[in-house]
S.K.: 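I have a structure here, written as structure tokens, and I will follow up with some questions on it.
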Amino acid sequence: MSASARCQQQSRYSYCSSSRNDLFSNLRRRRQRRTKPVRGSVFAAFDDDDDERSRRRTAMEAKIDENKNEEEAEDDDDLEHEFLTNEKDLEIDFEFSRRGGNGPVASSSSSSSEEREGDEEKIQIPTVRPREEDAKTSDVETLRSTRLIEKLYETVVNPVNKLEPEMRKLTSVELRAKTLEFRARLRLGETLEDVLVEAFAAVREASRRELGLRHFDVQLVGGALLHKGVVAEMATGEGKTLVATLPAYLNALSRRGVHIVTVNDYLAERDALTTAKIHGALGLTVGYVLSEDSPEERRKSYDCDITYVTNQEIGFDYLRDNMATSVDELVVMTRPLNFAIVDEVDSVLIDEGRNPLLITGPSDMDEGPRYVAAAKIAESLVEGRDYKADRKEKTIEMTDEGMTNAEILLDVEDLWDPVDPWGKYVILAVKAKALFIRDVDYIVRDDQVIIVDPGTGRVQMNRRWNDNLHQAVEAKEKVEIHSENAIIASVSYQCFFKLYKKLSGMTGTATTEAEEFEIIYNLRVIVVPKHRPNARVDAPTAMFRDAMTRWNAVANVVVSCHYEGRPVLVGTTSVEDSETLSMVLDEYLWRAPDDTVVKGVAHNLLNARPQYAAREAETIAQAGRLGAVTIATNMAGRGTDILLGGNAEGLARKAMKEHLFEALGLGDVLEEERETAFQSVSESLATVNLSETPAQIALEQARLIAKAACESAGPMNIDSANEMLVRSVEKAGEKIRREEQKKQRLLLTGWEAQGINTNEDDDEEINDEKEKKRVPFEIAIDFAAEQTLRETARLCKLESQEVIRRGGLQVVGTALHESRRIDRQLRGRAGRQGDPGSTVFCLSLDDEMIRTYSPAMSKQSSAWDFAGLAPEEPMYGSLVDIQLEGIQKNIEDYLSAGRQSTFDADRVLDSQRNAVYELRRMVLVGGQQTLRERLFRYVDAIVDNYCVAANVSGSTPAKDWNVELLMDLLREVFAGRKDRFRLTNNEPVSPHPHYLPGVSAADLKDALLHLDDKNGSRTLPEPRRMPPLDANPVAVRASISGVNLAYADGSGLAGGLEKTDSSGSVADTEPEAEEDAISERLKKRLEPPKEESSSKDVVKAFSSGRHAKKARQLRAYLSEAAIQQYLDRFARLARLDYIREELEDVERLWVLRAIDERYKQHLVHMSSLKDSVQVRAFGHLDPKEEFKIDGAKAFVDCVSDMRIDALRNVFFFVGASIEPTTEYETVPASNTASGGDDDDEESSYDADEDLMKELTEEEREKVRSFLARAKESGISVTESEDGFGEWTGSIAEDDVADVDEDEDSI
């Protein structure tokens, strides 16, 4: 039987089977069994009555005597001592009062009405002293914080207050001009601190005028602290959104951008639209980024002075920017990260800090069937027998029996067979089954597994578990299994936010994590004083024996408060718990004030399910209404204040929607929303009674006009209708606020009456002009909105006073969170801005947190017997609180260690990531000259490294240099397009390489051996020269294929790199090919390498030794040959029908592709390395240090490979000038003679035949025509000494240009 079914059955039994049901039926039955009635409640575990205490002591001693011969007697004595001691430490002052008349109970039929009236008890939450907050800072830190706040009052608050009269006298234009004044002063050398006071005063005045909200003094303190770069802890309801406007405006004056980071899209949009009125009045621009925004919209928002964005969106935008292939794709990194204010900083930097941000891409593996098969195997495995689950570590350990059973079911011999591995999939399937629970860790929506944030209870769209765990959960739920992903980019929140020049944050709970903020982020935590004293009453935690008893007790508390008219907010930790409690409340029987028995309690449910989550803010905003009951996850609606009495704007929009949507032709939409909305036992409390009010008349008039307009123009679009309602209510609120300001101005005297919106009359004249242009439909809608808002505001004000009179909001927690901060945040929902309120936590020994992190405590149910408590009574006191606090502290330490581990691992990658991203940025935003300088350095580095690998050194004779290996390595990097294709397919390459054409390894080695000899050559062999740039493509292909071309007079083609009157030269378009540039490069390469730019091996090889000069000549020769090859190919490519700027962009793209592909491989390797180094701990090695060492080595290899891949890609790209296609026939293996210096007839190679074979049919026809004309011109083919064909004769210029240039795509 499921938990929900058991809960339903138990609820019916507890509340329906007995005629004696009342609010605390279980307690009442126990009282009747006692000789003396016990005064108590669900919150009372002990009683102050001495006789009752003696009776309990006697019962406990008797129980101990019975078990004194048992093995656990000693433990029982300790437990007795602890509880007896605990009684003396209680700080609870119980207050019980008699209730006159009937309460919210169905009374027992065995008692007379007189007894009910006289003996009925009104069960109240015990009054306790407000507990001290959990902040545990040292005395020194507290003193420092106090002194800092006192100093801020002297240097900021008091001066700002003195400037207030002066600011009030300014017109709107003069106030706006203050921004220009501040920016001018900053340009003249003043600092932000110099203008801080005046800037804060300007923001306060703009807020007062635009929003009707004046910053309190404590809010000025909070703003100053945020500007200083600290974490400001401000209690719930203290106005953190308004506080952020102060440092945001001040730092935006520098035009470097300010990012205000929120936790969800709703808060980002809401806060941006709200504060845009303030900043807009001061001349600043405000933008916000939502998850569905396009890149263009994101870029526009980030370019604003102030940008509101969620932590996930800005993190992923940062990663995507560092994957961009053009400057136009950048959205956030268009300027350096300057200043960030993180709202709910503990949630973002602490809770979210456990998991890094990952961008993944599909991999080539498709193992869906294996996950499905493994999921079926996992269903048959039993915990304890086949596997052990560690829910704290989230790990699974297979037993020998479990592995054997899995092998039998899979019909394999070994789960870890390297040829056919199944172990990984089975473990993932078991982990998905045992550790990841539906409706707790995830939900299934539209056949997709969607993660539920454990801290907030919100769904996390477009996020997936890594390490292929998500695929295992998909197989478990029998939904579509998506392909495995590979990591493309990653960054942790710790490393990302440290990129900001200045970082600050604000939250209601940060002191418990003050040490972590200080260590990781270098952020101090300062507690800002409250504007009003805290009137909230926090009851001690009540511990129940089992979950069902706890749910019954929570239901009792909810019904009791609901009967009294107090709003109740119940916090749960999972979707399952929230729906379980909802079922209990739906089946609850209670007696209404009119003495009728009512089944169920009207309530609102808010969890991760889509039909509830869509109206999260709306539900939370109305949770403070009279008698409202709201069940929500602990963090639901965070950032939305619970106003006692309700939110007038939300109620006004709701009322207008109910009255007007049907007239607008959207009745089906309204009906659909009603059907999909949460249905409790009665109507939702998010409505208001407007009957017999001016608002009702105005709404009816608007409905008639809207109906007439839609009959003629057709139904209205749903988005337009919603936008119209929001705009009309906002406009009505603005009008009402302006009227209130007018009334206040009439009551003010002196300077206060001067300059209060002195241009208001002008604004009214402008508004009057706009009013005349409006149509009757708009006028009716706006008038209805105004009247409705006035009425809802009036009702909310009256309701607020009544809620305050009845005790304010009651918050009930049903389970402790892993972090004390989350519990404090839930408590902070009550007692906003000095309002009354109370909180209590009702727990049970069956709670997941207790069973996971404190199994011993979860087995202490016998303590109820020892303490003399009934099973339905709670246990509480200082001992319980200490135990629970200890558990949470251990969990926090454990999670903090996990975050530290994530940070340590990412810190190793951080410097590497920054280096790679900086390299990408330089390639992306730099010009071609910058890119070429980098590529030429890559050429030099690769040549040097390969020379060292080939034993080229100044201390080694040239005869011992492995020139053959050196040439093979370099020709592999600088290969042509066709050879690159062949190398990729493991096929033999052409015998005519593009790099150093016509120069064989033997020729080069022979030249090196005789270099500088008296009778030998003093130069290295000259490679075959390419035809001029304007030569026809056939001649170029012939030259590439090993044919030496020359005119009869010895000029022209043989000097292809030389500038002549009739032929183009590379130096004409490529400045790097000019003689001065070549000379400068050779001069630099002939010098000994420097230590700061070369490795130790390279410096040693080319700096010392009798052969060092010859070695430097070789490296200069090899480097320049590659550079000349690149320049020649690019110059030829530029002469084709392409725009040079586009060619440069494509070249840059090839370089970026090389960087990204290699870095992606590096991330995969580092992920595997992080896991593999853990086993080195068995060898008494520190895994962290080993990860750093091996990670550094891996990054060195990564950078080297990036350079090689970049050059490969670039040479492949520019090779399109002479090899425009990449699909061609493979060169036969027998025709792979190198250099043409082999005299064997069998291995001889026909260059013309190879050339013809590689050409298309159209090109062959062109060649035949060209050869025919050449023959008519007297051209003959002779055999040169090096074995290559040489064409001699004369060719007319028009013949050369007769063949069209190839226009194939790059």
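Just the heavy atoms: all of them, side chains too, but no hydrogens, waters or symmetry mates, feed the values below.
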S.K.: How far apart are the C-alpha atoms of Asp906 and Arg913, what are their side-chain angles, what is the distance that settles it, and do they pass the salt bridge (charged side-chain N to carboxylate O under 4.0 Å, His left out) test?
M.R.: CA-CA 9 Å; Asp906 197 61; Arg913 177 174 47 246; 2.8 Å; yes
S.K.: Do Leu1152 and Leu924 come close enough that some side-chain heavy atom pair is under 4.5 Å?
M.R.: yes
S.K.: Calculate, to the nearest 0.5 Å, the distance between atoms CD and CD1 belonging to Glu818 and Ile891 respectively.
M.R.: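 Those atoms lie 5.5 Å apart.
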S.K.: Determine, step by step, whether Ile1155 and Leu919 satisfy the side-chain contact (heavy atoms from CB on, under 4.5 Å) criterion, reporting the C-alpha distance in whole Å, the side-chain angles of both residues, the deciding distance to 0.1 Å, and the verdict.
M.R.: CA-CA 9 Å; Ile1155 296 173; Leu919 171 61; 3.7 Å; yes
S.K.: Do Gln888 and Asp823 have a side chain donor and acceptor closer than 3.5 Å?
M.R.: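 Their side chains do contain a donor-acceptor pair, which is all the 3.5 Å distance test asks for.
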S.K.: Assess whether atom NZ of Lys501 is packed by more than 12 heavy atoms of other residues, nucleotides or ligands within 6.0 Å.
M.R.: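 At most 12 heavy atoms, drawn from other residues, nucleotides or ligands, come within 6.0 Å of this atom.
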S.K.: For the residue pair Ser207 and Leu242, what are the closest heavy atoms and their distance?
M.R.: OG-CD1, 3.4 Å
S.K.: Got a salt bridge between Asp293 and Arg298, using NZ or NE/NH1/NH2 to carboxylate O under 4.0 Å?
M.R.: no
S.K.: Can you tell if the side chain of Ile526 reaches within under 4.5 Å of the side chain of Val231, non-hydrogen atoms only?
M.R.: no
S.K.: Hydrogens and angles aside, do Ser896 and Glu892 bring a side-chain donor and acceptor to less than 3.5 Å of each other?
M.R.: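 There is no such pair between these side chains.
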S.K.: Drop me the distance from Leu220's CG to Leu225's CG, to the nearest 0.5 angstrom.
M.R.: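 Here the interatomic distance stands at 11.0 Å.
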S.K.: Quick one: pull up CG in Asp343 and OG1 in Thr507 and give me the separation to the nearest 0.5 Å.
M.R.: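 Nearest 0.5 Å value for the CG-OG1 distance: 7.5 Å.
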S.K.: Would you say NZ of Lys1170 has more than 12 non-hydrogen atoms from neighbouring residues, nucleotides or ligands within 6.0 angstrom?
M.R.: no
S.K.: As a quick check of understanding, evaluate salt bridge (charged side-chain N to carboxylate O under 4.0 Å, His left out) for Glu233 and Arg824, giving each step before the final call.
M.R.: CA-CA 12 Å; Glu233 181 178 293; Arg824 291 178 57 197; 3.5 Å; yes
S.K.: Between Asp305 and Thr285, does any side-chain donor sit less than 3.5 Å from a side-chain acceptor?
M.R.: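 Distance-only check passes for Asp305 and Thr285.
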S.K.: For a quick test of reading the model, state the closest non-hydrogen atom pair linking Thr630 to Ala623 and the distance between them.
M.R.: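 Scanning both residues, the minimum pair turns out to be OG1-CB, 3.5 Å.
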S.K.: Using distance alone, with no hydrogens and no angle criterion, decide if Thr325 and Glu329 have a side-chain donor and acceptor under 3.5 Å apart.
M.R.: yes
S.K.: Is NZ or CZ of Lys498 both nearer than 6.0 Å to the six-membered ring centre of Phe903 and within 45° of the ring axis?
M.R.: no
S.K.: Assess the pair Tyr521 and Phe497: is the distance between their ring centroids shorter than 6.0 Å?
M.R.: no
S.K.: Measuring from Tyr302:OH to Glu297:CD, what's the distance to the nearest 0.5 Å?
M.R.: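 One finds 12.5 Å between OH of Tyr302 and CD of Glu297.
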S.K.: Taking 4.0 angstrom as the limit, do Lys300 and Asp303 come out as a salt bridge?
M.R.: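 Salt bridge absent between Lys300 and Asp303.
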S.K.: Will you find, in the side chains of Tyr308 and Ser301, an N or O donor that is under 3.5 Å from an N or O acceptor?
M.R.: no
S.K.: Looking at Phe339, is Lys502 sitting on its ring face, NZ or CZ under 6.0 Å from the six-membered ring centre and within 45 degrees of the normal?
M.R.: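 Judged by the rule (NZ or CZ under 6.0 Å from the ring centre, within 45° of its axis), Lys502 counts as positioned above Phe339.
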S.K.: Nearest 0.5 Å, what's the NE2-CG distance between His279 and Leu284?
M.R.: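 Reported value, rounded in 0.5 Å steps: 7.0 Å.
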S.K.: Taking atom types as modelled, find out whether Tyr288 and Asp265 have a side-chain donor-acceptor pair closer than 3.5 angstrom.
M.R.: no
S.K.: Taking only Lys NZ, Arg NE, NH1 and NH2, and the carboxylate oxygens of Asp or Glu, determine whether Asp328 and Arg299 approach each other closer than 4.0 Å.
M.R.: no
S.K.: Can a donor-acceptor pair be found between the side chains of Gln912 and His1162 at a distance below 3.5 Å?
M.R.: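 Yes.
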S.K.: Any salt bridge linking Glu513 with Arg821? Criterion: basic side-chain nitrogen under 4.0 Å from a carboxylate oxygen.
M.R.: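 Result for this pair is yes, salt bridge flagged.
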S.K.: Start with the C-alpha distance between Lys530 and Glu238, add both sets of side-chain angles, then the distance that settles salt bridge (charged side-chain N to carboxylate O under 4.0 Å, His left out), and finish with yes or no.
M.R.: CA-CA 7 Å; Lys530 297 180 178 64; Glu238 291 293 312; over 6 Å; no
S.K.: Enter the distance from Ile341:CD1 to Leu503:CG here, rounded to the nearest 0.5 Å.
M.R.: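 The distance works out to 9.5 Å.
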S.K.: Are Asp1156 and Lys1160 close enough for a salt bridge, meaning some N to O gap below 4.0 Å?
M.R.: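 Salt bridge: no.
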S.K.: Give a yes or no answer on whether the side chain of Asp321 reaches the backbone of Val331 with a donor-acceptor pair at less than 3.5 Å.
M.R.: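 Such a contact is found between Asp321 side chain and Val331 backbone.
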S.K.: If we count only N and O atoms by modelled type, under 3.5 Å, do the side chains of Thr509 and Asp346 hold a donor and an acceptor together?
M.R.: yes
S.K.: Quick one about Tyr500 and His259 (side-chain donor to acceptor, distance below 3.5 Å, no hydrogens or angles considered), yes or no?
M.R.: yes
S.K.: Would Ile451 and Asp441 count as a side-chain contact (heavy atoms from CB on, under 4.5 Å) here? Give the steps.
M.R.: CA-CA 6 Å; Ile451 300 174; Asp441 300 293; over 6 Å; no
S.K.: Is it the case that Asp577 and Thr572 place a side-chain donor and acceptor less than 3.5 Å from each other?
M.R.: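 Thr572 and Asp577 do not have a side-chain donor-acceptor pair below 3.5 Å.
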S.K.: Looking at Glu518, I'd like to know if its CD atom is crowded, meaning that more than 12 non-hydrogen atoms belonging to other residues, nucleotides or ligands lie closer than 6.0 Å.
M.R.: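 More than 12 within 6.0 Å, yes.
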S.K.: Regarding Gln494 and Asp910, is there a side-chain donor-to-acceptor distance under 3.5 Å anywhere?
M.R.: no
S.K.: Show your reasoning for whether side-chain hydrogen bond (donor to acceptor under 3.5 Å, both in side chains) applies to Tyr493 and Asn311.
M.R.: CA-CA 9 Å; Tyr493 281 115; Asn311 54 296; 2.9 Å; yes
